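Worksheet: the structure to be examined is printed underneath.
Values below: every heavy atom of this structure, side chains too, minus hydrogens, waters and symmetry copies. So that the names make sense, note that chain A is the first sequence line, chain B the second, and so on, each numbered from 1. As the structure is a prediction and not an experimental result, all values here were calculated from the model.
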2 protein chains.
Amino acid sequence: MSSLDGPEHTPVPPPILNPAGGANQVRVRAYNERLVLSLVRLYGALSKADIARRSGLSAQTVSVIMRVLEKEGLLSRGAPVRGRVGQPSIPMHLNPDAVYSFGLKIGRRSADLVLMDFVGRIRMQLHQTYAYPLPDEILAFVTSGIEEIESRLDDKQRSRIAGLGIAAPFELWNWAEEVGAPPGAMEVWRDVDLQADIAARVSHPVFLQNDATSACGAELVFGVGPSYPDFVYFFIGSFIGGGIVLNSAIFSGRTGTAGAIGPLPVRDRNGETKQLLEIASIFVLENMLRERGIDPEPLWYSADDWVDFGEPMEVWIQDSAKALAQAIVAAASIVDFSAAVIDGGFPDWVRSRMVQATIDEAAKLDLQGVVMPEIIEGAVGAQARAIGGASLPIFSRYLTDQNVLFKEIDHAEGT
Amino acid sequence: MSSLDGPEHTPVPPPILNPAGGANQVRVRAYNERLVLSLVRLYGALSKADIARRSGLSAQTVSVIMRVLEKEGLLSRGAPVRGRVGQPSIPMHLNPDAVYSFGLKIGRRSADLVLMDFVGRIRMQLHQTYAYPLPDEILAFVTSGIEEIESRLDDKQRSRIAGLGIAAPFELWNWAEEVGAPPGAMEVWRDVDLQADIAARVSHPVFLQNDATSACGAELVFGVGPSYPDFVYFFIGSFIGGGIVLNSAIFSGRTGTAGAIGPLPVRDRNGETKQLLEIASIFVLENMLRERGIDPEPLWYSADDWVDFGEPMEVWIQDSAKALAQAIVAAASIVDFSAAVIDGGFPDWVRSRMVQATIDEAAKLDLQGVVMPEIIEGAVGAQARAIGGASLPIFSRYLTDQNVLFKEIDHAEGT
DNA sequence: AATAAATAAATCCAATTGAATTATTAATTC
DNA sequence: GAATTAATAATTCAATTGGATTTATTTATT
């Protein structure tokens, strides 16, 4: 074909990629087992025949896999479903007690330790507040907390703990000032490898993920995830953070901070450019209350302790909604998310008001050509970060929400 | 474990997902074959032993697969490499003539039809300009063009054509005004299913993708892609558009327009909020030239025909750079891209000035907490859209850059 | 009788394992 | 310097492994 000649374009630069590995039966079986478990989790309960239809695997293959999973105690059989022609089908569901997992949420004002079961229910929890977090205190809290919770389990139950997932803010030393910590107090965090330190004191695998990303993961798995394949997620804590779900999977990005969203430039009430986190964070409300001589302590403890703080809270919600609306438009201009999910460390009634205000503010913006996502409330709530953390060990070992076979699941695992 | 009790969170809403299918040997083989071809493409040439190491497959497996691929003519062997201990390795490379593919780029001012080979080289090309595009003219151009190009191929070559990939703007009828089309002239596009119409006249599989997304795909495969696993891509054509690469794969989103970027709100020179496309598009430069009585026609034909238009062009570059810098910060706040790639339907020297200006403008912005991407020039250039289009049929059938085994490759295929 | 779920047995197929073959360089001996 | 031997690496042949499919059968229901 020498007659075909044309311009060549720029030559390929030296590749740095190391693509995925090849496939073999062992991996195929591991994948199919996870697929079965994930399908069961997603639908609550499915018969072997259902799984065969939904997975495209043969009935026999599914039969074999599910028998093994049942024998291992991961699946249990429900009551036979009669009323249709043919042999009654036996719905299989996840055995809630098959796997437990610890979730540790570290915040600027409080820490939570939860024990979650295989179906995402919180079975025990511990809570601690502080003016600002310090590594030693956190370490003490998590080790004594795990000890205490485990003391209430029997040997069999303890052996079923898949690990500990930590949901923590990255770069805690930044914005120490905004949170009212004494100068320099947060600097210790610079040299702390929390995952390693905790892993050294705990006999389970330890996982670490950004706190907002974790909350997003909880929303994906236990909240609106099944209804929306792509969404941008905002979690309003002491500082606002967020996460991104693409193709029904958390996208955590190169540095693990995709969807951080905090530094996004928006215009404030006066038309000045500010970063989103300077407006739509709880520390802003806290400072507003303090300026007005109102005690902000109810904000710290539990979301249920919030009261209606009246005017300052209303201003904060309005300002935040305005900023969130702009953030959503910016996000939608970059990725055509089907939803924007807003949740936070506050009670449901605050979330409702925040979401409605954001919907109203979004309507005032120039939306020509923008595929606007549905703006909705998160379904998980204030505990989302701890739940997301706790789900890390479980997903790492038993489940998959990605249709990906050979890529390592990208939570870093310690030890 | 009845002693373990805790609050339950909101129950799962009815799922709508239909997750991926299960795995079996047939799919494994198909996947491994694509993996081998993709590795060879990425690295230019690799021996069987290299592939075995990089894929994690056994040498024997790779040997069998590659022998088949060689027999099918997709791979050919290079000269044995001596100079190292042991049997000399035989580098295998893609046979450029194993597969051909047509790429059709439809623009607001011109259309291109290219014939691309298996290694991404353009082997023939045709070009047509117009004041504005109309379906019938496009249809005539593509059918006669394909006929002409095929007439210069022999039977064997014709049989190796994998298909036709179209890179076209979505919603052509919008912004008809900005491009100077007579009122209503572009409305015909509303009722046209271009993919179907062309598929009915062409004997090859037809693929369709947004033009900017296609350009982005070309950059991923033939440009900077191998060096950057995630990047946001801007293609400055008559209208600016863009694309997104995540995990070394095009992310095209729910509506196929992820990374459209055009509607992103930015501040213009005067501090007013505008959409990115109202500033950083070639039609803006065109109008500026026309206002100053300068003939803008050189902009339309080929990128090589551009001349330095002096002051108005400088203003356009500055304005565009300012807007692009803001867009990059917004994008980086949402996803921690490793690079922001700028390319366009203009000559290389314009691209260089645009990128440098954008780097300068970005430095002036508030970047606290933002993980800024590297701002770099595209390596493919003005033909990126057509090349990206032409690569659709090839990737659909022979290659994979995603580590994904069971998800359908998401270019829609017609007929 | 028809239908559907579940499963046992036999078969198939792709990857792996282990051994053998081939081609080369490196080191040693004559 | 030439010949010999060892080491190394690429490739492939033959046998094995293991998981999915196919086919046939059983069970339970309308």
Side-chain angles (χ1 to χ4, degrees), chain A residues 20-37 39-40 43 45-72 75-93 405-406, chain B residues 20-37 39-40 43 45-72 75-93 405-406:
Chain A
N24 59 33
Q25 289 109 313
V26 178
R27 286 173 163 187
V28 161
R29 165 54 71 100
Y31 170 79
N32 284 342
E33 283 183 0
R34 279 164 174 260
L35 177 64
V36 168
L37 286 172
L39 282 166
V40 172
Y43 288 91
L46 288 176
S47 70
K48 290 171 183 169
D50 285 333
I51 296 275
R53 278 186 293 266
R54 288 194 190 278
S55 67
L57 294 170
S58 70
Q60 175 60 7
T61 300
V62 172
S63 181
V64 169
I65 289 174
M66 291 183 84
R67 224 174 313 155
V68 170
L69 293 175
E70 187 188 359
K71 200 172 171 190
E72 290 173 353
L75 292 178
S76 34
R77 50 183 62 215
V81 174
R82 292 158 209 279
R84 277 173 307 187
V85 176
Q87 177 163 323
S89 67
I90 298 174
M92 306 288 286
H93 53 85
L405 175 43
F406 302 112
Chain B
N24 59 31
Q25 289 107 314
V26 179
R27 285 174 163 187
V28 162
R29 168 54 70 100
Y31 169 78
N32 284 342
E33 283 182 359
R34 280 165 174 259
L35 178 64
V36 167
L37 286 173
L39 282 167
V40 171
Y43 289 90
L46 288 176
S47 69
K48 290 171 184 169
D50 285 332
I51 296 274
R53 277 187 293 265
R54 289 196 189 279
S55 67
L57 294 169
S58 69
Q60 174 61 8
T61 300
V62 172
S63 180
V64 169
I65 290 175
M66 290 184 85
R67 227 175 310 158
V68 171
L69 293 175
E70 187 187 0
K71 199 171 172 189
E72 289 173 353
L75 291 179
S76 35
R77 48 182 66 214
V81 174
R82 292 158 209 278
R84 278 174 307 185
V85 175
Q87 176 161 327
S89 65
I90 298 175
M92 307 288 286
H93 52 86
L405 177 41
F406 303 112

Can you measure [X] atom [atom1] to [N] atom [atom2] for me and round it to whole angstrom units?
| X | N | atom1 | atom2 | result |
| --- | --- | --- | --- | --- |
| A:I90 | C:dT7 | CD1 | C1' | 12 Å |
| A:E33 | D:dG18 | CD | P | 14 Å |
| B:L46 | D:dT11 | CG | C1' | 16 Å |
| B:R77 | D:dA10 | CZ | C1' | 12 Å |

If you check the A:A49 side chain, which of C:dA5, C:dA23, C:dT7 turns out closest?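 The listed nucleotide nearest to A:A49's side chain is C:dA5.
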What residues, two or more places apart in sequence or in another chain, satisfy side-chain contact (heavy atoms from CB on, under 4.5 Å) together with A:R53?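 If we apply the side-chain contact (heavy atoms from CB on, under 4.5 Å) test to A:R53, skipping adjacent residues, the hits are A:A49, A:D50.
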With sequence neighbours excluded, what pairs up with A:R67 under the side-chain contact (heavy atoms from CB on, under 4.5 Å) test?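 A:S63, A:V64.
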Show, in sequence, the C-alpha distance, side-chain angles and deciding distance for A:R29 and A:I65, and conclude whether the side chain to side chain contact (heavy atoms under 4.5 Å, CB included) test is met. CA-CA 8 Å; A:R29 165 54 71 100; A:I65 289 174; 3.7 Å; yes
Summary of protein contacts for nucleotides 12-21 of chain C, nucleotide by nucleotide, where a base hit scores B, a sugar-phosphate-only hit scores S (4.0 Å, heavy atoms): -BBSBB----
Testing the basics here: between A:A45 and A:P91, what is the closest heavy-atom pair and its distance to 0.1 Å?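 Shortest heavy-atom contact: CB-CB, 4.1 Å.
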With a 4.0 Å cutoff (strictly under), does any side-chain N or O of B:K48 reach OP1 or OP2 of D:dT12?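 Yes, within the criterion.
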Strictly below 4.0 Å: does B:R67 bring a side-chain N or O up to OP1 or OP2 of D:dC13?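 Checking B:R67 against D:dC13: at least one side-chain N or O falls below 4.0 Å of OP1 or OP2.
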Using side chain to side chain contact (heavy atoms under 4.5 Å, CB included) as the criterion, point out the one residue from A:L39, A:L46, A:N32 that pairs with A:S55.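 Looking at A:L39, A:L46, A:N32, the match for A:S55 under the side chain to side chain contact (heavy atoms under 4.5 Å, CB included) is A:L39.
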Write down the partner of C:dA4 under the Watson-Crick or G-U wobble criteria, each distance required to be under 3.5 Å.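 Checking every strand shown, C:dA4 finds its partner in D:dT27, with both distances under 3.5 Å.
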State the CE-CG distance between A:M66 and A:L69, to the nearest 0.5 angstrom.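 Rounded to the nearest 0.5 Å, the CE-CG separation comes out at 7.0 Å.
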On DNA chain D, does the nearest nucleotide to B:S63 precede the nearest nucleotide to A:P80 from the 5' side, or the other way round? Give the residue.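 Checking each residue's closest nucleotide, the 5'-ward one belongs to B:S63.
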